[in-house]
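Below: the structure, in structure tokens.
Just so you know, these numbers come straight off a predicted model, no measurement behind them. Numbered from 1 within each chain, the chains take letters A, B, ... in sequence-line order. Every heavy atom of this structure was used, including side-chain atoms; hydrogens, water molecules and symmetry mates were not.
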Amino acid sequence: MAELVKLTIDGKGVETEKGTLLIEAARQAGIEIPSFCYYEGLTLQAACRMCLVEVEKTPKLQVGCTLPVAEGMVVHTDSATVAGARKGTLEFLLTNHPLDCPVCDKGGECELQDMVFRYGAGESRFVERKVHTDEQQWSPVVYFDAPRCILCYRCVRICNEGMGVNALGVAARGVGSEIIPNFHDHLECDECGACIDICPVGALTSGTYRYQTRPWEMRHAGTICTHCADGCRTTLGVRNDKIIRGNNRDRSGINGEFLCIKGRYGFDFVEHPERLQSPMQRVGDRFEPVSWSRALGTIAEGFATGAKCGVIGSNHTTNEENLFLARFAREGLKTGHIDHHRTGDLATFFDALSGRNEALATTGDLYTAKAVLIVGADLSQQHPLLAFQVRANVRHHAAHVYTVTTGPVREDQQAAASVRVQKGGELAGVESLRDQLKRHEDLVIVFGDAIQGESLRKLVGFGDSLGIPVKYVCLVDYSNSRGAFDMGLIPQSGGMSREQMLAASDLDVLWVVGANPLKSASLAAAGAFVVVQDLFLTETARRADIVLPAASAYEKNGTVTNVCGEVQKLKQAVKVMGTKTDLEIFGLIAKEMGIQWPVASGQWPARPAALPGLIQSAGDTLFTSGSLSRYSKILNSVMEAPGALYSGRWPVAGGQ
Amino acid sequence: MLYNEPSPLETRVVSKRFGMLNSASLDTYLATDGYQAFRKAREMKPEQIVEEVKTSALRGRGGAGFPTGLKWSFVPRTSPHPKYIIVNADESEPGTCKDRLLMEYDPHQMIEGILIAALAVDAHAGYIYIRGEYRYLIEIVDRAIAEAYAKGYLGKNVAGTGFDFDLYTHSGAGAYECGEETALLDSIEGKRGIPRMKPPFPAVAGAWGFPTLLNNVETFSAVPEIIRSGGAAFAALGVPKAGGTRLVCISGHVNRPGVYELPLGYPMLKSIYEVAGGIPGGRKLKAVIPGGSSCPILKASECDIPMDYDTLAKVGSMLGSGGMVVMDETTDMVRLGLRIMRFYAHESCGWCIPCREGTTWLKKILTRMVEGHGQREDVALLGELSKNMLGRTFCALGDAAALPTISIVEKFAEDFEKHLKPEMVMV
Amino acid sequence: MTFSPQLEERFAKMLSIYPPGRERSAVIPMLIYAQDEVGAVTRELVEEVARRCKVTPLQVDEVVGYYSMLHRKPSGKYHVQVCTNISCLLTGGEELYEHAKKKLGIGHKEVTPDGQFSLEEVECMGACSWAPAVEINYDFHHFVTPEKLDQLIEGLRSKH
Ligand SMILES: Cc1cc2nc3c(=O)[nH]c(=O)nc-3n(C[C@H](O)[C@H](O)[C@H](O)COP(=O)(O)O)c2cc1C
Ligand code: SF4
Ligand code: FES
């Protein structure tokens, strides 16, 4: 517990930790000190001068955003002098600002507007000509309008410090100073849109959202990103049943305001023209739209007559749906042939931990752990939030990062040590770090699919042998990969794995829910009756006898479990005509088959010690997301793998 | 050949070698008691060196006038980190042209001063940050450094005393703000010259984050004499709290403009009328910028004063960097004010809002006035906007732009009249 | 990109004088010396300096726009810089600058068609006590009168 100091702000007694910045101390006391450049968690700038306050016994106005509180300090934020200073600063700020609020995309949620409204002058005394430059497009998502920029340097800092991308800088000087992109006239970056999100004014706007709406015309649905397994909360802005924006400004959820391109912009697949909106039945080599009753009838028949049924579930459907599907298969279809695309060896993982739940790291642990060891994973590409947490941990707590990978990863920038290994050599690489790791108070080990089976047990053995508290994250790919496992979408008691089902020539029925196994394999059982529930006519759906139009995660309620086992709620944002949620569909099929729900046994699926079959991450990048990304215009419009970051053309961080 | 004739009224201490044959050569330097001070300092304890400099009452010649000995005492000499010496040779303050001469005519004096400072703070490397426009000086100083290395006065075992020190020049590329000590540090690290937050002060975390002693060229150049003849003797040359002599750069409306070495506390009028030969055509004195364009301007009636830090502060101005600009009765203070503001608007680094936007706004108003479109309320606006900058900017450049403007508005109001739109003139 | 042996030698020294891992410190000196040889700060030069100093091109771009002596467009063989700051202003600097404009037939930061001369109105360059002053490339000229400026320019013209 840090030392406390007492001070007075506007006559109000405040007690807070020594070293707290005045601007924060005031906030704690419910007093706002206005600011532009100050931004919690990013380096201090003291550039905008909005936060000037009076501190007794100091002649000059003091900068509230950099001044640490001291015992007995007497501060005035409400004096005439301070009001004058704020007014003066805003007047200066507006001299070269275009004042084009009526046509500015930021109107209604612009910090500059709010500041002027609260602290500014009514009239302008500036009658000279303004400095003007034209708007520039830097990337499919990023537009920059220099005249509106107030140079708070938030975008530069979030990109450098927050994302570790270093794609934005400042050029020229004086009144000509301007934010510039890393490749002269364009950006090569993660396209995460954090710079746009953090911009207090309308200088940085997004190609996907700009000029579509006024913020107050949207309703918002706070849900969970359906792409990777990190489970970022994304608040979807909806207008006329159309999603037009994703962000998390309110910092709700485990990701604070962080989002990568997928969480922020990757919702556009929802309204892709190829979305399935009616059940379809195969007629020869074509599909014909059919009614739900016809489709359900055909399915019920097919399922009932099938002796050998296989069920392949989804990494994207909700826990409720997964649990329901698993039971439907076992208790309704009486089959043990259940599986999903497994991307991490959770079975061995839990068995190796033998119930030690305290060894399961949370997303928060990656921000607080003294040390983080990343084994066989490109965190920034495949787990952007976890990578963000680690970067923030290094910045704020000087955490030590270690990487053991087959190629360069962005985490190397901050790594205390980076070990390059051949595939399969990971454990040896880890062993070589033993002495360094032992020295830390605690450690989180994050590992990818390179670590499975025996080597996973060895890795946990290694961690436990260090003699310090060690937690683990077993990486998996998708928004509910973890839930699919937990809810029992896995082969048990002699059931076939996904690969075995596809290879079994005597399979009678294959029921695929929200998965695309035939993208990379073929189905041996030529005669099998195949039912597919999906958003699109995927490779697998094309082989189906009946295809049912399913609702996506953004169109349903329920829960999903992220890579760290954190269970979060989905909230329906929109409805797509003709689709039904998978849960609804299960219910309808059950009804059609005359199965009584709820089914008898209420027991929770047991965790098996080991499972047959292949475990393999799809190795998505920031810009890909299994079969889904091909239906996202935005994800396809950006460059595959950020050239500037991975070509090795330039040092990622640049020189000190 | 000197740029201007010396004056018999000068007290030549740091400029004593100016005009000597090959004054920039090490041989000349050694022949004229060069390196005596360093050898003496080598025998002293670091604390003693710092004490001696404190006793000399030497104050920074770069503009801020901070007591040099005190600054030296801030450097944690026992810190395990490397410590660096940085010489501020960015000389960009309008009206100032003295560091040039010290480097051109007597580079070894500066080098010896640097070496003594290095002993005091236990530094083993130094960098001389020379403004890019001074390329010919970079060449001169590089030659002097090479000569010193060749003859064992730099590098390993300096002057056979077992002390190691490396010295380099570093070229700027055109930016007044890089004279500001922390902006200079960013610049020497290869970045835009943006000033840094203080604390931490350079003495604790300076170049590359390491303890750094940063002084002006003239400040270092005064050190050998201080150590050689003792701090007290140097102090005695000047006035209490401001010891020694300084190079005064007299420019503008005088008959013999030039750089002259005068003791601290020297009468301002005497320097104008006797040292610099008075005002051409017997015209009347109107105003004086006492120490570079950043200083509030003095009216003629305020100029009958001794030139030392405290007196200048009393009359609401500063001694600054020694750039003394003399203006006669024909001077149009509004045009002057515009030129000053054009300078600051051009040189503002742009980091903070009041300076970035304020200097440009003021420049535009003054331009409009000089072009004959001034309005009466513009005069008051100039003053008010300057005050909105004053004391609210990140670094002192903002103040430097505001102060002279305020003094013009307050002291030379009548000069604005002829710039107001005719129909606006009251009768 | 390759430079003259002398410049390569200078660069090698530059990269060696700063603390280890701090090659970035050489960016500004490298740019200005390279500009003198290449004529301007081209994209190619930016990337070359970035490579040599182990920084990103962005980190170099940030610097180029900041320093007033660095320019992306080539200036004339003889870059005539006329100071009009206070001391020069008081001693005829502005008149001198106007004269230079007429004499060369170009304005601020412009280049003569033959590429021989470029003109720039500059800030105080440290010649206040010997004003008005002009710097041509890196050579200072003091107490410059219009006549003296004409002679200087003619002298340079007749050099070829
Ligand atoms: C805008 C600005 C420009 C400055 N320019 C110079 C300069 O060109 N040369 C210099 O020695 N000091 C300059 N200074 C002062 C330096 O910040 C610093 O105080 C000085 O170099 C310290 O050395 P000294 O104590 O020996 O004077 C400048 C300060 C400011 C605020
Ligand atoms: S006052 Fe502000 S804008 Fe001006 S030079 Fe200093 S930091 Fe830069
Ligand atoms: S918030 Fe303090 S200066 Fe910007």
Can you give me the closest heavy-atom contact between [X] and [Y], atom names plus distance?
{"X": "C:Gly126", "Y": "B:Arg100", "result": "O-NH1, 2.7 Å"}
{"X": "C:Tyr138", "Y": "B:Glu133", "result": "CD2-O, 4.3 Å"}
{"X": "B:His170", "Y": "C:Ser25", "result": "CE1-O, 3.3 Å"}
{"X": "B:Ser171", "Y": "C:Pro29", "result": "O-CG, 3.9 Å"}
{"X": "B:Gly252", "Y": "C:Thr91", "result": "O-CG2, 3.9 Å"}
{"X": "B:Pro257", "Y": "C:Ser129", "result": "CB-O, 3.4 Å"}

Part of [X] lying under 4.5 Å from any heavy atom of chain B:
{"X": "C:Ala131", "result": "neither"}
{"X": "C:Val64", "result": "neither"}
{"X": "C:Glu62", "result": "both"}

What residue in [options] has the most heavy-atom pairs under 4.5 Å with chain C?
{"options": "B:Ala276, B:Gly95, B:Ser92", "value": "B:Gly95"}
{"options": "B:Ser293, B:Gly193, B:Ala175", "value": "B:Gly193"}
{"options": "B:Phe210, B:Tyr84, B:Tyr134, B:Tyr176", "value": "B:Tyr134"}
{"options": "B:Trp208, B:Tyr136, B:Phe343, B:Tyr168", "value": "B:Trp208"}
{"options": "B:Val254, B:Thr330, B:Thr96, B:Asp99", "value": "B:Thr96"}
{"options": "B:Gly323, B:Gly258, B:Gly174", "value": "B:Gly174"}

> Is the shortest distance from a Lys or Arg side-chain nitrogen in C:Glu94 or B:Arg335 to a carboxylate oxygen in the other one below 4.0 Å?
Replying inline: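 B:Arg335 and C:Glu94: salt-bridged.
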
> C:Tyr18 vs B:Tyr127 aromatic rings, parallel, tilted or perpendicular, using cut-offs 30° and 60°?
Replying inline: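 If you compare the ring of C:Tyr18 with that of B:Tyr127, the planes turn out parallel.
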
>> Can you see whether B:Ser187 engages C:Tyr66 through a side-chain donor-acceptor pair at a distance of less than 3.5 angstrom?
In response: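 C:Tyr66 and B:Ser187 do not have a side-chain donor-acceptor pair below 3.5 Å.
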
>> So for atom CD, which belongs to C:Glu9, do other residues, nucleotides or ligands contribute more than 12 heavy atoms lying within a distance under 6.0 Å?
In response: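 Result for CD/C:Glu9: open.
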
> Does any heavy atom of chain C fall under 4.5 Å from the side chain of B:Leu137, the backbone, both, or neither of them?
Replying inline: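 For B:Leu137, neither part sits under 4.5 Å from chain C.
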
> Side chain, backbone, both or neither: which part of B:Tyr129 has an atom under 4.5 Å from a heavy atom of chain C?
Replying inline: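 When you check distances to chain C, only side chain atoms of B:Tyr129 fall under 4.5 Å.
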
>> Using a 4.5 angstrom heavy-atom cutoff, name the option from C:Leu90, C:Val122, C:Asn137 with the most pairs to chain B.
In response: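 Winner by heavy-atom pair count: C:Leu90.
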
> Among C:Leu89, C:Ile28, C:Leu31, C:Val27, which has the most heavy-atom pairs under 4.5 Å with chain B?
Replying inline: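 Option with the greatest count: C:Ile28.
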
> Going by residue number, which parts of residues 140-149 of chain C are within reach of chain B, meaning a heavy-atom gap below 4.5 Å?
Replying inline: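 Contacts with chain B: C:Phe140, C:His142, C:Phe143.
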
>> If I take atom CD1 from residue B:Ile250 and atom OG from residue C:Ser87, how far apart are they, to the nearest 0.5 angstrom?
In response: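 B:Ile250 atom CD1 to C:Ser87 atom OG measures 11.5 Å (nearest 0.5 Å).
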
>> Do C:Gln59 and B:Arg192 make a side-chain contact, defined as non-hydrogen atoms from C-beta onward lying under 4.5 Å apart?
In response: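 With C-beta onward as the side chain, the pair stays apart.
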
